[in-house]
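Single-structure report; data block below.
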Amino acid sequence: MILIFMGAPGAGKGTQSKLVEKEKNIPQISTGDILREAVSKQTEMGKKAKAFMDAGELVPDSVVIGIIADKIQEAVCAQGFILDGFPRNIEQAEALDKLLIEHKKEIYRVISFLVSEDELTERLLKRAQIEERTDDNAESIKTRLTLFKKKTQPLLDYYAKRGKLVDIDGSGAISEVAERVEKAIG
Ligand code: AMP
């Protein structure tokens, strides 16, 4: 079962994908988490990615596509996986299609989390206080929301046309959203 969780920063993809990971016993793959770990370990990849991430810009496609290509061939991903934060633009979606064809796999569903911009900003500013993410500042939040609209939102159409997209209301409490996710996955 290959799932893609899509939504603006703060829409709850990370929280919900971790719940589904436990529930369905398939790993969550978060390019954001993998990149943050690389930054904290100061690996070559981390050094390359840090400035983009702090500014709220997208890390180059070659870097994130490389992460996904490596991950999905791991044995733990054999029964499926949840992509959280990838793909984020058309180039990445096309690269994913190619990888899945190579591995004879298919996307099951793309879950799109819909949350109003006011609620997103409120959640991100709250998260900034709790997690101390260096990109949860007003300037970077604005860039990330703009990039989501410009680069990632067109992907919703890309997946809707193939009958893969399920929209869910991402507002409200974690448990309420989790119920909607469960229904959407079936
Ligand atoms: P996230 O935790 O998904 O919000 O990602 C945090 C940051 O990591 C983003 O603002 C980007 O700088 C970078 N990042 C994560 N996933 C991707 C991706 N698929 N493409 C490009 N940059 C990404």
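Keep in mind the model is a prediction, meaning the values are calculated, not measured. Every number for a ligand or one of its atoms is a count from 1 in the order of the listing.
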Does the side chain of [X] reach to within under 4.5 Å of the side chain of [Y], using non-hydrogen atoms?
X	Y	value
I168	L114	no
Q73	H103	yes
M6	I111	no
K164	R109	no
I67	F86	no

For [atom], grab the closest protein heavy atom and report residue, atom and distance to one decimal in Å.
atom	value
atom 14 (N) of ligand 1	L35 CD1, 3.6 Å
atom 16 (N) of ligand 1	T31 OG1, 2.8 Å
atom 12 (O) of ligand 1	E57 O, 2.6 Å

Take D118 and S116, measure what side-chain hydrogen bond (donor to acceptor under 3.5 Å, both in side chains) needs, and give me the verdict at the end.
CA-CA 5 Å; D118 282 350; S116 74; 5.6 Å; no
More than 12 heavy atoms from other groups under 6.0 Å of NZ on K48
no
Considering both backbone and side-chain atoms of [X], is one of its nitrogen or oxygen atoms within less than 3.5 Å of a nitrogen or oxygen in ligand 1?
X	result
Q92	yes
V59	yes
G85	yes
R36	yes

Pick one of side chain, backbone, both or neither for how V64 approaches ligand 1, counting any non-hydrogen atom pair under 4.0 Å.
side chain
Considering K50, M53, R88, K13 one by one, which has a heavy atom nearer to atom 1 (P) of ligand 1 than any of the others?
R88
